[in-house]
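Contents: one structure, followed by commentary.
In the text below, chain A, chain B and the rest are named by the order of the sequence lines, each starting its count at 1.
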Amino acid sequence: MIEVTLKRELNNMLSALNIGDVPDITIEAPRQADHGDYATNVAFKLAPAFKKSPKQIAEQLVADWNSNYAAKMGLQASSLNGFINFKWTVGALQSKLVHFFDDEFKYAIAPKKILLEYVSANPTGPLHIGHGRWAVLGDVTARLLQVVGHEVSKEFYINDAGNQINILYDSVAAAREGKPIPENGYHGHYIKELAELDVDPVEYMVEHQQNVLASIDVEFDQWFSEKSLYADGRVDRGLQAVRDSGYGYDADGALWFRSTDFGDDKDRVLIKSDGSKTYFAVDVAYHYDKINRGYDKLINIWGADHHGYVARVKAALAALTDKDEDKLSIIIGQLVSLYRNGEQVRMSKRTGDMITLEDVIAEIGGDATRFFLIHKSADTQLDFDLGVATAQSSDNPVYYIQYGHARICSLLAKVEQELSIVPSSVKMLAFAEEIHPNEHQLAMHILRLPQEIELAATQLKPHTIANYVLELGRYFHSFYESCPIVSCEHDATRVWRIKLAYQTREAMQYCLSILGVSAPERM
RNA sequence: GCGCCUGUAGCUCAGCUGGAUAGAGCAACGGACUUCUAAUCCGUAGGUCGUAGGUUCGACUCCUACCGGGCGCACCA
């Protein structure tokens, strides 16, 4: 990765100058593009120890870099306000870009076996848009983690035991017998539909959820049944593990877990005084089972309506793993509000029930559904406007990106047809002295891709990829408008631009496949 | 009352784990199609980063308090 190489060379230079390793050196994009392509804060970090201004230090380091390292790296240094900026020589930038996808990216990440659990909706009703968000969040996160080298197992936990399930059975049974649905039962329109089918309601709902998720390419490696934990005694083994850990105790006729030892607000009941188990008890057993399956890392994605549950489950994991606080990460996805042309919608016109994920997919399509649900940080509540998502216009970011991709495809096809140049294998004729600012901007953005991916993966922030590819599209469209290709009369420039367009498409496809959004060749 | 998330342009949001003059899109206004897809591009305008303190050479970013929004606080699942 270029940023890593640059940092290494910078450290080489510092040790050659008898300055030890400086921690916290950052290599980042300068705020303004005309400052350079990379910037470092190293002079600020050295200033206190050397009792000199960052400006002075930066100037000295720049001089040393330019005489000893600049030519080798193809990066010319300059300093401004204490920052050291590096700028590609045009030839080096072109050469780097042209060979950028020759080898697979190498990420400085130790591969792990990861279990990613997400959605895990109760099979007592249809999926809603929030489930869609956890689904896309989980699916993209999984793809991202796989791309950087982890082994990821995707799991859906089916809550097919317990009270809610009984209530579902009771509700459907009542509907089948023509009796009124119990007060505390499920009243949605889907209950009537279930009643008319000769099916097991739970099995049917699970299958239905699977189909809806599969329709937007959200697939799982395991569908883990809660019931199966009871069937072969794993619930009891999990509870025994809590007792063995020393964090279980009996009081008031119940079995408690001392979660307050791990920062929870209060201790939690595992076995109630009537002898039945709490939902939490089963969840502890489930997570105990996950540990025993030999994963290095567990990640759960939950909706914000479950965040009150985080502390106790993390506490249980800590108790069962000898205080390994990092074993489990829980990502909380904030809730989604649906709008249509600025007005909030809650009900489906078709059924009169809540708008389901299936409704949304049917209305706006899989690509738009995935993109809209992934392109904002999971930490913020999402306002999802169905009107915008359907609009086939510039305010729709999905079409904007896909249009960019289609444009490249048709452009490259034209190049091949009219100029008899094969974009995938054409060789550069010469490196240039100067390139158009839009070419530079686009090329730089592509070179930043691996770092973007690594950051998104390590910080578990998949939405940054959506923003990256959106910006990539923007830079491409600008380049496209300002830099003619087919009609370009300068051969070397033309070949370079063909290469640039080709590499842009590579980068787009790389990102879109992580996002699970299609890359159409024609629109 | 306590906990988690959140407050950035009229609207929806970025802001790369403390760096340079805070950025996009939409909406508004003005331009560009006989020329590689105008589902596009170029330009103008738009800001006390909720408020007040603090830490720092440097704060949208970290800390404290307060204000506003969302969600959650069961021997329910």
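- A/Cys483 comes within contact range of at least one nucleobase, with a heavy-atom separation under 4.0 Å.
- Between A/Tyr230 and A/Lys277, the shortest heavy-atom contact is CE2-CD, 4.5 Å.
- Protein atom NZ of A/Lys227 is 17 Å distant from nucleotide atom P of B/A77, rounded to whole Å.
- Using a 4.0 Å heavy-atom distance criterion, A/Ser337 is classed as making no nucleic acid contact.
- Distance from the side chain of A/Leu80 is smallest for B/A20 among the nucleotides B/U40, B/A20, B/G72.
- The side chain of A/Ser478 contributes an N or O atom lying less than 4.0 Å from OP1 or OP2 of B/C42.
- Nearest-nucleotide assignment on RNA chain B puts the 5′-proximal partner with A/Arg474, out of A/Arg474 and A/Asp267.
- Regarding contacts with the backbone of B/U17, every side-chain N or O of A/Lys461 stays at 4.0 angstrom or more from both OP1 and OP2.
- Checked by distance alone, A/Asp283 brings no side-chain donor or acceptor within 3.5 Å of a matching partner on the base of B/A77.
- Straight-line distance from the CG atom of A/Asp385 to the P atom of B/A27: 13 Å, rounded to whole Å.
- Between the NE2 atom of A/His405 and the P atom of B/U40 there is a distance of 17 Å, rounded to whole Å.
- The glycosidic torsion of B/C4 lies more than 90° away from 0, placing the base in the anti range.
- Going from atom NE2 of A/His306 over to atom C1' of B/A77 covers 8 Å, rounded to whole Å.
- Remark: A/Thr380 is in phosphate contact with B/A14, judged by side-chain N or O atoms under 4.0 Å from OP1 or OP2.
- Under the 6.0 Å cut-off for aromatic ring centres, A/Phe156 and A/Trp223 qualify, their centroids lying closer than that.
- With centres under 5.5 Å and a plane angle under 30° as the test, the ring of A/Phe44 is not stacked against the base of B/G19.
- Counting atom types as modelled, A/Gln334 pairs no side-chain N or O with a base atom of B/U6 as donor and acceptor under 3.5 Å.
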Between A/Phe86 and A/Leu10, does a side-chain contact (heavy atoms from CB on, under 4.5 Å) hold up when you go through it step by step?
CA-CA 11 Å; A/Phe86 300 91; A/Leu10 209 51; 3.9 Å; yes
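- The aromatic ring of A/His35 sits over the base of B/A20, with ring centres less than 5.5 Å apart and planes tilted by under 30°.
- Between A/Tyr468 and A/His445, a ring centre-to-centre spacing shorter than 6.0 Å is recorded.
- For A/Lys45, no side-chain nitrogen or oxygen approaches OP1 or OP2 of B/G18 to under 4.0 Å.
- For A/Arg407 and B/A38, the shortest distance from a side-chain N or O to OP1 or OP2 is below 4.0 Å.
- In terms of phosphate contacts, A/His463 brings a side-chain nitrogen or oxygen within less than 4.0 Å of OP1 or OP2 of B/G15.
- Distances from the side chain of A/Gln381 to the nucleotides B/A20, B/G69, B/C13 place B/G69 closest.
- Taking atom CD1 of A/Ile301 as the reference point, atom C1' of B/C5 lies 16 Å away to the nearest angstrom.
- Considering all non-hydrogen atoms of both residues, A/Thr26 and A/Asn41 come closest at N-OD1, 3.0 Å.
- Under the Watson-Crick or G-U wobble criterion, with both distances below 3.5 Å, B/U21 has no partner in any strand shown.
- Rounded to whole angstrom, the span from the CZ atom of A/Arg268 across to the C1' atom of B/G72 amounts to 11 Å.
- Just one of A/His306, A/Lys290, A/Lys314, A/Glu155 meets the side-chain hydrogen bond (donor to acceptor under 3.5 Å, both in side chains) condition when paired with A/Asn300; it is A/Lys290.
- Here B/C33 presents its P atom at 16 Å from OH of A/Tyr480, a figure rounded to the nearest Å.
- For the OP1/OP2 pair of B/A77 and a distance below 4.0 Å, the side-chain nitrogens and oxygens of A/Lys272 include at least one atom meeting the criterion.
- If you check every strand for non-hydrogen atoms under 4.0 Å, A/Ala501 touches nothing.
- Distance A/His477 NE2 to B/A24 C1': 14 Å, rounded to the nearest Å.
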Verdict with reasoning, A/Leu412 to A/Arg505, per side-chain contact (heavy atoms from CB on, under 4.5 Å)
CA-CA 10 Å; A/Leu412 294 180; A/Arg505 189 173 65 177; 3.7 Å; yes
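- Within 3.5 Å, a donor on the side chain of A/Ser273 pairs with an acceptor on the base of B/C75, or the reverse.
- In this structure B/C73 sits in a base pair with B/G1, meeting the Watson-Crick or G-U test at under 3.5 Å.
- Within the nucleic acid shown, A/Ala456 has no heavy atom closer than 4.0 Å to any nucleic acid atom.
- Comparing B/C5, B/C13, B/A20 against the side chain of A/Asp379 picks out B/C5 as the nearest.
- A salt bridge is defined here as a Lys NZ or Arg NE, NH1 or NH2 lying under 4.0 Å from an Asp or Glu carboxylate O, and A/Arg243 with A/Asp250 meets this definition.
- Heavy atoms of A/Ala29 sit under 4.0 angstrom from at least one base atom.
- Annotation: of the two residues near RNA chain B, A/Glu28 and A/Pro484, the 5′-most nearest-nucleotide partner is A/Glu28.
- For the C1' atoms, the distance linking B/G47 with B/U34 amounts to 44 Å, nearest Å.
- Pairing for B/C26 goes to B/G10, judged as Watson-Crick or G-U wobble with the two contacts each under 3.5 Å.
- For the OP1/OP2 pair of B/C41 and a distance below 4.0 Å, the side-chain nitrogens and oxygens of A/Tyr400 include at least one atom meeting the criterion.
- A/Pro30 comes within 4.0 angstrom of a nucleotide base, judged by non-hydrogen atoms across all strands.
- Separation of the C1' atoms belonging to B/U8 and B/G25 is 15 Å when rounded to the nearest angstrom.
- Using a 4.0 Å heavy-atom cutoff across all strands shown, A/Glu418 reaches no nucleic acid atom at all.
- Within 4.0 Å of A/Ile332, counting heavy atoms only, lies no atom of the nucleic acid at all.
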